[in-house]
2 protein chains.
Amino acid sequence: MPGTVQSIERAAAVLRLLAGGSGRLSLAEISRSLDLAKPTTHGILQTLRKVGFVEQDRVSGHYQLGAAMLRLGTGFLDVNELRSRSINWADPLAARSGEAVRIGTVLDGQVLVVHHVFRPDDTFQTLDVGSLLPIHATALGKALLAYRADGAAAPAALDRFTSRTAGTQRELTEALRAVREAGWSAEVEELHRGEASIAAPIRAYGGLVVGAIGISGHVERICDSHYRPRPALVANVRDAARAVSRDLGATFRGGAP
Amino acid sequence: MPGTVQSIERAAAVLRLLAGGSGRLSLAEISRSLDLAKPTTHGILQTLRKVGFVEQDRVSGHYQLGAAMLRLGTGFLDVNELRSRSINWADPLAARSGEAVRIGTVLDGQVLVVHHVFRPDDTFQTLDVGSLLPIHATALGKALLAYRADGAAAPAALDRFTSRTAGTQRELTEALRAVREAGWSAEVEELHRGEASIAAPIRAYGGLVVGAIGISGHVERICDSHYRPRPALVANVRDAARAVSRDLGATFRGGAP
DNA sequence: AACGCCATTCGACAATGTCGAACGTCGGAA
DNA sequence: TTCCGACGTTCGACATTGTCGAATGGCGTT
């Protein structure tokens, strides 16, 4: 592809490798994984080290991501419009529903969590902003997937986390059709036993789905005795999604211009 | 500097600019800021866009950081040894002291927050992992600064946030000397009115100070009636710092090998 | 002591990134 | 409307710059 810079692509690949890999990597491992000559990889790593994107362990010589990356990551959050617009509505949703709220968007066929509000009453929960969730086994993911024009976003292999996870493309397609019809999505024990979630799509200007907002918690709180999501909670989630969408400039039938 | 890659340095500068700048920037603004030719900047941006590090607004053409940066940022947190080791000790410290706990390290003459535990009883606090704090007006910063061999880490200009902030190099130097003598640091209304904090350095193998852990909260809870940090809280903080340091392989006089 | 693996340095080649000039487009001003 | 300026983008040629093979020195293991 002309007009792009080869060395920057390679540097990005190095950073991805360091982020995805389990901790530190040696120069040899990196150069082997990317099929680059050792001196080439060394030059890239030295540059990344100079700018603070990677750090090098003095004794082992191994490389890992540097502190500057954290700044860039949170810098993205500051700029991210989906997140900044949704913060104002996530807190009320958490308060009204009594459950943890998460906002996500699609990244590489998975759900990237860009905002997270803890369940109001509970303590000692782990923040998972920045983590990736499977797109086919979460309410957030299904809400995002159902409205994507590019079906390519659907993963080829569907990992089965529990017996309730959609395991085939047929099941998933049917589930997405139901989501489109209902306007919201749910997931009951498809990712973790005993947990369920409800989500709705967030639309930006033009009606394009750019994210999803949802709640998740213990199945007995999210669902009624028939394992069906409680209508009151569904209404809460849909209202929040509508509010965020309106902030982002989306219009609804009969709504303001 | 030989052995480094020019284009990667430039790409890093672009990313920094996008992270530091207020939101979206145009191609012309970026190329002007970095004193690069427009086509050069364009090539860099296209490459960064291809790998997901920046996104481009379709209508305005302006650029902003992309979602992939968030992944790399949190990837740093996963790998960061200081953070992973300190998590186990931060929760108990928060529980015992009843205050919010933060762990920080030095980045570019400021304090980078790498971990944050909310105050146990309270709700609706904002997470500030990834944010930068002034190094001369926080207990974390003074704990870090006091033990740095390279005095260059001390900022040239000392912003005065309140009337209690150390405004001159003399004041700061004296404060750091006191920290070294005591082995812990404190800050009372030096950054925000009504707030105070206590911190202690975290040492890694070899005794090198690699971070600091501390608590912060309302001044009347952190301090006694004479505006002096409560000894019990100081002990809690120092114990936590020692525990983390031991996990990182530091040894103390008379300690284990 | 000898081997293998490692990170790093050197030097030469050409592949690659850079930049000036030019194009198409948009928005505002005359 | 027409003009003007600024913008993002494309093209092509030059030489800067990144790349890679070979070689070095250091470490831990055999």
Side-chain angles (χ1 to χ4, degrees), chain A residues 1-18 21-66 79 81 205-206 249 257, chain B residues 1-18 21-66 79 81 205-206 249 257:
Chain A
M1 179 175 285
T4 64
V5 181
Q6 182 190 59
S7 52
I8 295 177
E9 285 185 44
R10 292 176 167 177
V14 169
L15 290 175
R16 272 183 209 279
L17 196 65
L18 287 173
S22 47
R24 286 157 250 236
L25 293 175
S26 69
L27 170 64
E29 288 171 317
I30 297 170
S31 61
R32 254 185 273 116
S33 296
L34 301 177
D35 197 33
L36 293 174
K38 238 187 306 184
T40 305
T41 312
H42 182 253
I44 293 171
L45 283 166
Q46 287 304 313
T47 311
L48 291 174
R49 193 175 63 85
K50 185 180 173 188
V51 298
F53 286 8
V54 307
E55 293 168 358
Q56 184 174 22
D57 194 37
R58 289 276 166 182
V59 292
S60 68
H62 287 195
Y63 295 90
Q64 62 172 336
L65 289 177
V79 176
E81 194 172 5
Y205 181 77
Chain B
M1 179 174 286
T4 63
V5 181
Q6 182 191 56
S7 52
I8 295 176
E9 284 185 46
R10 292 176 168 179
V14 168
L15 290 175
R16 271 183 211 278
L17 196 64
L18 288 173
S22 47
R24 287 159 250 238
L25 292 174
S26 69
L27 170 64
E29 289 172 317
I30 296 170
S31 60
R32 254 185 272 115
S33 296
L34 301 177
D35 197 33
L36 294 175
K38 238 190 307 183
T40 304
T41 312
H42 182 253
I44 292 171
L45 283 167
Q46 287 305 313
T47 311
L48 292 174
R49 192 174 64 85
K50 186 181 173 187
V51 298
F53 286 8
V54 307
E55 293 168 359
Q56 185 174 23
D57 194 38
R58 289 275 164 182
V59 293
S60 68
H62 287 194
Y63 294 90
Q64 62 172 336
L65 289 176
V79 176
E81 193 172 5
Y205 182 78

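The sequence lines fix the lettering, A, B, ..., with proteins before strands; numbering per chain opens at 1.
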>> Just N and O in the side chain of B:H42: are any of them under 4.0 Å from OP1 or OP2 of D:dT9?
In response: yes
>> I want to check one thing: is the phosphate of D:dC20, taken as OP1 and OP2, less than 4.0 Å away from some side-chain N or O of A:T40?
In response: yes
> What closest approach, in Å, do A:H42 and A:L27 show between heavy atoms, and which atom pair accounts for it?
Replying inline: N-CD1, 3.7 Å
> If you look at every heavy atom in B:Y63 and B:L18, which pair is closest and at what distance?
Replying inline: O-CD2, 3.6 Å
>> Below the 4.0 Å mark, does D:dG18 have OP1 or OP2 next to a side-chain nitrogen or oxygen of A:Q6?
In response: no
> Between B:E55 (side chain) and B:G66 (backbone), is there a donor-acceptor pair under 3.5 Å?
Replying inline: no
>> Looking at C:dT8, I'd like to know if its phosphate oxygens (OP1 or OP2) sit under 4.0 Å from a side-chain N or O belonging to A:Q56.
In response: yes
> If each of B:A37 and A:P39 is mapped to the nucleotide of DNA chain C with the nearest heavy atom, which maps nearer the 5' terminus, i.e. the 5' end?
Replying inline: A:P39
>> So B:S7, base contact, sugar-phosphate only, or nothing? Heavy-atom distance under 4.0 Å.
In response: sugar-phosphate
> Between B:K38 and B:S31, what is the shortest heavy-atom contact and its length?
Replying inline: CG-OG, 3.8 Å
>> I need the CG-C1' distance between A:L36 and D:dT19, as an integer number of Å.
In response: 10 Å
> Just how far, in rounded Å, is P of C:dC6 from CD1 of A:I30?
Replying inline: 12 Å
> Looking for any heavy atom pair under 4.0 Å, which part of the strands does B:R32 touch: base, sugar-phosphate only, or nothing?
Replying inline: sugar-phosphate
>> Can you tell me which nucleotide in D:dT19, C:dC6, C:dG20 comes closest to the side chain of A:S26?
In response: C:dC6
> To the nearest Å, how far apart are A:R24 CZ and C:dC6 P?
Replying inline: 18 Å
> Between D:dT17 atom P and A:R10 atom CZ, what is the distance in whole Å?
Replying inline: 18 Å
> Which is true for B:E29 with a 4.0 Å heavy-atom rule: it touches a base, it touches only sugar-phosphate, or it touches nothing?
Replying inline: nothing
> To the nearest Å, how far apart are A:K38 NZ and D:dG21 P?
Replying inline: 11 Å
>> How many whole angstroms separate atom CG of B:D35 from atom P of C:dT18?
In response: 14 Å
>> Check this one for me: any side-chain N or O of B:Y63 less than 4.0 Å away from OP1 or OP2 of D:dC7?
In response: no
>> Can you identify which nucleotide, out of C:dA7, D:dT9, D:dC20, has its nearest atom closest to the A:H62 side chain?
In response: C:dA7
> How many Å lie between CG on A:L27 and C1' on D:dG25, as a whole number?
Replying inline: 15 Å
> Atom CG of A:L45 to atom C1' of C:dC6: distance rounded to whole Å?
Replying inline: 14 Å
> B:T47 and A:E9: which non-hydrogen atoms are nearest, and at how many Å?
Replying inline: CG2-CG, 3.4 Å
